[in-house]
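Only one structure is covered here, and it is reproduced in the block below.
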Amino acid sequence: MAPASSRPRDLPAIIPAIVASIAATVLGAGLGELVAALISPSASPFAVIGGGMIDIAPAWAKDLAISLFGTADKTALLVGIAVLLLAVAGAAGVVERRRPPWGRVILAAIGVIGALVSLARPDAALLSPVPSLVAGVAAAVVAGLLIGRLRPAAVAPEASTGPTRRGVLALSGVAVLAGALAAAGSVALSSGARAVSAVRAALRLPTPTTTTAVPATADLGIDGLSPVITPSSDFYRIDTALVVPQIDPATWSLRVHGLVEQEIVLRWDDLVALPQKETVATLVCVSNEVGGDLIGNARWLGVPIRDVLARAKPTAEADMVLSHSVDGFTASSPLEALTDDRDALLAIGMNGEPLPLAHGFPVRMVVPGLYGYVSATKWVSELEVTRYDRAEGYWTSRGWSERGPVKLQSRIDVPRAGARVAAGDAVIAGVAWQTHVGVAGVEVQIDDGAWQPARLASAISTDTWVQWSLPWTATSGSHTVRCRAISTTGETQTPNRALPAPDGATGWDEITISVA
Ligand SMILES: Nc1nc2c(c(=O)[nH]1)N[C@H]1C(S)=C(S)[C@@H](COP(=O)(O)O)O[C@H]1N2
Ligand SMILES: [Mo]
């Protein structure tokens with residue numbers, strides 16, 4: 001073959017270099033996940049980088065992610081990281097082909113960055129950097145070996161010919177396969193998860209000393225209307241944890257400290273020995289948009305937080321409790337809301353079972369009247385009694401309000417927005433809430449008609465949402481339906497539209513339906 005100029009030779013050879021670098025990165029990432037599964041699930045390179053990104057993301061980015069992807073926001077983040085990683089890997093392949101060893105250096109550097117971020121995570125341990133370092137080194141070494149084979153000078157001028165390139169592509173395929181196998185192995189080996197799930201399955205919850213009755217008339221039983229109690233499997237999940245913390249109740253403890261007369265530490269056995277209450281409370285996320293579904297209502301079993309605080313005796317200067325999760329998340333709740341007569345709980349049960357792992361097993365907080373971000377700490381490990389002028393919660397330092405009382409809201413569930421409805425007898429129905437204040441009425445407006453009072457289902461308590469419905473004779477054509485709630489204090493839900501940031505969305509839910 002005639003010696004060609006370096007350009008035409010270089011261009012086709014660049015493709016196998018890119019493929020090889022991406023394949024080496026897939027292999028490295030798979031190995032990193034496998035090592036993490038073996039030594040420390042929370043040190044998974046993806047979880048570490050994703051967790052770091054969640055922590056530094058500005059409030060608007062969180063808001064955007066939740067509004068675009070809802071509870072699939074974590075999957076979206078991980079896919080985004082993977083795409084970015086593969087793009088950088090491809091670029092590193094080009095660099096390695098043209099300016100070795102800089103491509104390898106880039107791949108190793110990604111691993112080093114992951115290792116550094118892992119050390120900055122709240123749950124960092126001695127071995128946390130290992131999975132990321134393994135990933136970076138493996139990717140760099142394999143990319144170096146594969147791309148090295150494409151180098152003409154290494155053997156002979158014709159070394160980088162078709163067969164060599166095809167050979168590199170074949171080896172790249174092997175590397176991708178090995179990376180996928182390693183990743184699959186990491187899933188199978190996530191033994192920590194299996195162990196704690198088994199402990200949870202075997203747990204027996206204590207019997208409550210007081211319970212909250214759910215009247216049969218609390219559920220209107222309308223098709224398509226949210227059931228008054230949300231099954232745990234349908235309950236929304238929002239948190240910053242890419243890997244669900246795995247906590248064995250046997251090793252769990254809660255430290256109550258700060259501005260208290262008596263610092264105390266409660267262990268699982270201490271907690272379950274205290275009198276338990278079963279309550280029903282609606283939990284809602286501050287990121288819930290008008291008409292949104294980041295809300296659920298569940299039965300919670302647990303110990304009133306005021307009983308635990310009473311043992312520690314907060315001092316007079318305290319006005320806030322900063323609850324800490326094992327994963328570094330914190331929430332700032334007004335001390336008042338945790339010590340007044342409301343049922344603020346250290347919950348261990350949800351809908352008759354131990355808390356699901358993703359909902360805070362073994363212990364979380366639930367505080368009626370407050371959005372989740374300032375109250376509902378999952379995997380809770382510490383109650384730091386402090387002051388608003390001394391400390392702030394996770395989302396407050398990212399631009400959200402330091403206090404988060406739940407706003408008055410209502411939502412239309414039936415018909416679904418955009419639904420086609422048959423003319424004749426129809427029903428409009430939904431839910432309304434302002435937890436710990438309570439809903440006194442709901443009104444519905446069809447097109448530009450008068451506001452009509454809806455029928456309210458029986459309320460379980462002021463701490464829960466309430467179902468409502470309105471019979472309607474649907475006439476053909478397109479119709480706009482909106483609703484507004486009236487609280488027990490006489491407030492009518494404001495029509496003014498506000499986005500969730502910084503302290504919760506406002507405005508009326510409105511749907512358009514076509515009647516045929
Ligand atoms: N440890 C921890 N607890 C947390 C969060 C978190 O990110 N980490 N998010 C809070 C927010 S913003 C909400 S809305 C609720 C959601 O609880 P759920 O996932 O059980 O519905 O949990 C709260 N508790
Ligand atoms: Mo939230």
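Just follow the structure's listing: the first ligand is 1, and inside any ligand the first atom is 1.
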Answer whether the closest heavy-atom distance between the side chains of Val481 and Ile513 falls below 4.5 Å.
yes

Hey, is Ser325 touching ligand 1 through its side chain, its backbone, both or neither, going by heavy atoms under 4.0 Å?
side chain

Distance alone, cut at 3.5 Å: any donor-acceptor contact between the side chains of Tyr394 and Asp55?
yes

Can you find an N/O atom of Ile238 closer than 3.5 Å to an N/O atom of ligand 1?
yes

For ligand 1, the portion of Trp379 having any non-hydrogen atom under 4.0 Å away:
side chain

Contact between Arg364 and ligand 1, counting heavy atoms under 4.0 Å?
yes

Atom 3 (N) of ligand 1 sits nearest the protein heavy atom Lys378 N, 3.0 Å

Between Ser401 and Asp503, is there a side-chain donor-acceptor contact under 3.5 Å, judged purely by atom types and distance?
no

Donor-acceptor side-chain pairing of Ser332 and Glu402 below 3.5 angstrom
no

Any side-chain donor paired with an acceptor under 3.5 Å for Ser226 and Asp413?
yes

Hydrogens and angles aside, do Ser128 and Ser118 bring a side-chain donor and acceptor to less than 3.5 Å of each other?
no

Do Ser410 and Gln493 get their side chains close enough for a donor-acceptor pair, meaning under 3.5 Å?
yes

Please report whether ligand 1 has a polar contact with Trp395, defined as an N or O pair separated by less than 3.5 Å (distance criterion only).
no

What do you reckon, does Phe329 have a nitrogen or oxygen under 3.5 Å from a nitrogen or oxygen of ligand 1?
no

Any idea which part of Leu283 is under 4.0 Å from ligand 1, heavy-atom wise: side chain, backbone, both or neither?
side chain

Identity and distance of the protein heavy atom lying nearest atom 21 (O) of ligand 1
Tyr236 O, 2.7 Å

So is Tyr373 polar-close to ligand 1, meaning N/O to N/O under 3.5 Å?
no

Just say parallel, tilted or perpendicular for the rings of Phe361 and Trp268, cut-offs at 30° and 60°.
tilted

Ligand 1 versus Asp327: contacting region, heavy-atom distance under 4.0 Å
side chain

Best match, Ser232, Ala376, Ala347: closest heavy atom to atom 23 (C) of ligand 1
Ala376

Beyond-backbone contact of Val284 with Leu294, side-chain heavy atoms, under 4.5 angstrom:
no

Top protein contact for atom 7 (O) of ligand 1, by heavy-atom distance:
Thr240 N, 2.9 Å

If we number the atoms of ligand 1 from 1 as shown, the ones under 4.0 Å from a heavy atom of Gly372 are 10 (C), 11 (C), 13 (C), 14 (S), 23 (C)

State whether the shortest distance between N or O atoms of Arg237 and N or O atoms of ligand 1 falls below 3.5 angstrom.
no

Can you list the ligand 1 atoms lying under 4.0 Å from a non-hydrogen atom of Asp239?
5 (C), 6 (C), 7 (O), 8 (N), 9 (N)

Numbered atoms of ligand 1 (with element) below 4.0 Å of Thr377, judged on heavy atoms
3 (N), 24 (N)

Between His359 and Phe235, does the ring centroid distance fall short of 6.0 Å?
yes

In ligand 1, which numbered atoms sit nearer than 4.0 Å to a non-hydrogen atom of Cys285?
14 (S)

Answer side chain, backbone, both or neither: which part of Phe235 comes under 4.0 Å from ligand 1, heavy atoms only.
side chain

Is the closest side-chain heavy-atom distance between Tyr371 and Trp400 below 4.5 Å?
no

Verify the distance criterion only: is there a donor paired with an acceptor across the side chains of Asn351 and Ser232 at less than 3.5 Å?
yes

